[in-house]
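For reference, the structure is listed below as structure tokens.
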Amino acid sequence: MLTKTLMATAAVFCFGATAASAQTIGFSQIGSESGWRAAETTVTQQEAERRGIDLRFSDAQQRQENQIAAIRSFIAQGVDGILVAPVVATGWDSVLEEAAEAEIPVVLLDRMVDSSPELYLTAVGSDLVHEGRVAGEWLVEAVAGEECRVVELQGTTGSSPAIDRKQGFEEGIASADNIEIVRSQTGDFTRTRGKEVMESFLQAENGGADICALYAHNDDMAVGAIQAIKEAGLKPGEDILVVSIDAVPDIFQALAAGEANATVELTPNMAGPAFDALEAYLADGTMPEKFIQTESKLYTQEDDPQAEYEARKDLGY
Ligand code: AHR
């Protein structure tokens with residue numbers, strides 16, 4: 001089956017055409033909803049410049065229809081390849097088929113789609129379920145059997161990180177019946193919404209007295225929620241434990257201040273492996289793995305957060 005698929009996929013995309021000249025790559029980015037996304041954009045632009053790639057960048061302002069329009073425009077421009085960070089998981093079949101018909105390889109960055117893998121060259125990303133599981137397992141250990149009512153700030157509805165990080169966390173706490181998710185709502189991966197939704201959680205949960213922990217699908221929502229917890233007169237990191245995902249500089253400041261407890265790192269450098277795969281494919285048809293996985297490392301207050309902050313603060317977050 002695999003060989004036939006690869007053969008089929010190889011037939012879909014044309015290669016070798018532009019090995020000599022600088023490649024033109026279209027990049028459909030979701031927007032800049034979080035520090036992490038801003039860093040991904042910066043790293044991708046720096047990587048393109050370093051490789052002499054002509055990068056055509058499009059900011060979709062969080063809207064799928066803008067991404068689909070951007071991809072169609074890249075196809076019309078006759079680019080050599082396309083990078084896309086798909087805002088949600090569904091609804092990509094037709095535009096991916098159009099890119100395949102135009103024999104333009106597409107690489108997914110940091111989020112997945114439910115389309116057939118034959119319709120894209122490869123996907124570069126973390127194991128999103130694993131990230132959630134690591135966060136859940138950290139909480140199980142941290143509360144050590146104590147009763148713990150958790151509130152959850154979900155990512156963008158319908159996005160693969162929101163779906164998978166929720167599933168992973170539930171798997172991570174499944175062994176601990178002392179831990180229960182009592183409220184769960186989207187904060188759209190933004191600080192503003194993270195703060196607002198946390199304020200509503202605090203109001204609904206006896207001013208926060210009935211909340212033991214916050215699980216946020218990204219650090220930006222957690223940073224917003226930390227502000228809300230403080231404004232409610234509680235100590236984030238103590239009265240309410242805080243665990244999230246991304247490892248952006250500001251969460252390390254919160255870890256250093258004892259206002260957050262743990263974060264699971266997501267590297268913003270998805271473009272490096274993506275360009276490597278595209279360049280090899282365009283040069284001689286080398287087929288990459290269908291999924292190129294990036295590492296997910298857990299950081300806590302014990303991991304010298306101030307030094308981690310210093311190491312990341314100028315990386316475009
Ligand atoms: O797809 C990855 C997620 O997108 C990041 O965790 C989050 O910060 C961004 O919005």
Side-chain angles (χ1 to χ4, degrees), residues 27-44 59-64 66-67 83-90 92 107-114 120 122-136 152-169 185-195 197 214-226 242-252 254 260 262-271 273-274 291-299 312 315-317:
F27 178 22
S28 170
Q29 178 58 295
I30 294 171
S32 51
E33 71 281 358
S34 68
W36 184 88
R37 179 101 14 229
E40 182 188 55
T41 298
T42 303
V43 170
T44 304
D59 176 340
Q61 307 286 325
Q62 308 299 317
R63 306 176 71 84
Q64 184 180 29
N66 293 346
Q67 292 200 279
L83 303 180
V84 55
V87 62
V88 291
T90 57
W92 300 97
V107 175
L108 309 180
L109 294 188
D110 72 85
R111 294 187 185 180
M112 295 302 289
V113 299
D114 66 355
Y120 53 85
T122 185
V124 180
S126 61
D127 179 339
L128 297 160
V129 175
H130 172 69
E131 291 171 337
R133 207 180 296 123
V134 169
E152 177 182 28
L153 285 169
Q154 295 181 38
T156 301
T157 305
S159 70
S160 60
I163 297 163
D164 292 354
R165 287 172 181 171
K166 180 170 187 46
Q167 177 198 331
F169 184 80
Q185 193 182 325
T186 183
D188 266 331
F189 282 130
T190 70
R191 281 180 200 214
T192 311
R193 287 297 293 147
K195 183 167 187 281
V197 177
L214 161 69
Y215 167 51
H217 289 191
N218 81 341
D219 293 341
D220 278 64
M221 293 189 291
V223 169
I226 286 167
V242 177
V243 56
S244 55
I245 298 172
D246 275 353
V248 303
D250 288 358
I251 206 70
F252 284 104
T263 186
V264 183
E265 179 175 38
L266 177 68
T267 175
N269 185 5
M270 303 281 173
F291 183 62
I292 300 170
Q293 185 172 328
T294 59
E295 198 203 343
S296 306
K297 186 175 180 315
L298 176 72
Y299 288 90
R312 287 170 165 80
L315 293 180
Y317 285 92

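If you're wondering where the values come from, they're calculated on a predicted model, not measured in any experiment. Atoms considered below: every heavy atom in the structure, side chains included; atoms not considered: hydrogens, waters and symmetry mates. Just so you know, ligand 1 is whichever comes first in the structure, and atom 1 is the first atom listed for that ligand.
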Which residue and atom name correspond to the protein heavy atom nearest [atom], and how close is it?
{"atom": "atom 2 (C) of ligand 1", "value": "Asp110 OD1, 3.4 Å"}
{"atom": "atom 9 (C) of ligand 1", "value": "Glu33 OE2, 3.2 Å"}
{"atom": "atom 8 (O) of ligand 1", "value": "Asp246 OD2, 2.6 Å"}

Original post:
Would Arg165 count as a contact of ligand 1 if the rule is a heavy atom under 4.0 Å away?
Top reply: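 Arg165 counts as a contact of ligand 1 under the 4.0 Å cut-off.
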Original post:
Is the closest heavy-atom distance from Ile245 to ligand 1 below 4.0 Å?
Top reply: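 Distance cut 4.0 Å: Ile245 fails for ligand 1.
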Original post:
Can you name the nearest heavy-atom pair linking Arg63 to Val87, along with the distance?
Top reply: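 Taking every non-hydrogen atom into account, C-CG1, 4.4 Å.
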**OP:** State, to 0.1 Å, how close Thr41 and Gln29 come at their nearest heavy-atom pair, and which atoms those are.
**Re:**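 Scanning both residues completely, I find the closest heavy atoms to be OG1-NE2, 3.0 Å.
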Per-atom contacts, ligand 1 versus [X] - under 4.0 Å to a heavy atom:
{"X": "Ser34", "result": "7 (C), 8 (O), 9 (C), 10 (O)"}
{"X": "Arg37", "result": "1 (O), 2 (C), 3 (C), 4 (O), 9 (C)"}
{"X": "Pro161", "result": "1 (O)"}

**OP:** Answer yes if the side chains of Thr90 and Asp114 hold a donor-acceptor pair under 3.5 Å, and no otherwise.
**Re:**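 Side chains of Thr90 and Asp114: no pair found under 3.5 Å.
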**OP:** Give a yes-or-no answer on whether the side chains of Glu152 and His217 include a donor-acceptor pair shorter than 3.5 Å.
**Re:**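 Glu152 vs His217: donor-acceptor pair found between side chains.
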Original post:
Can Lys297 be said to sit on top of Tyr299's aromatic six-ring, NZ or CZ under 6.0 Å from centre and within 45° of the ring axis?
Top reply: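 Lys297 over Tyr299 ring: yes.
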Subject >> Heavy-atom check, side chain of Asp220 versus side chain of Thr190, under 4.5 Å >> reply: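 Answer no - side chains too far apart.
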Subject >> Heavy-atom side-chain contact between Arg37 and Asp110 under 4.5 Å >> reply: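 Arg37 vs Asp110: side chains touch.
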Original post:
Counting heavy atoms only, which part of Thr156 comes closer than 4.0 Å to ligand 1: side chain, backbone, both or neither?
Top reply: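 Neither; nothing of Thr156 gets under 4.0 Å from ligand 1.
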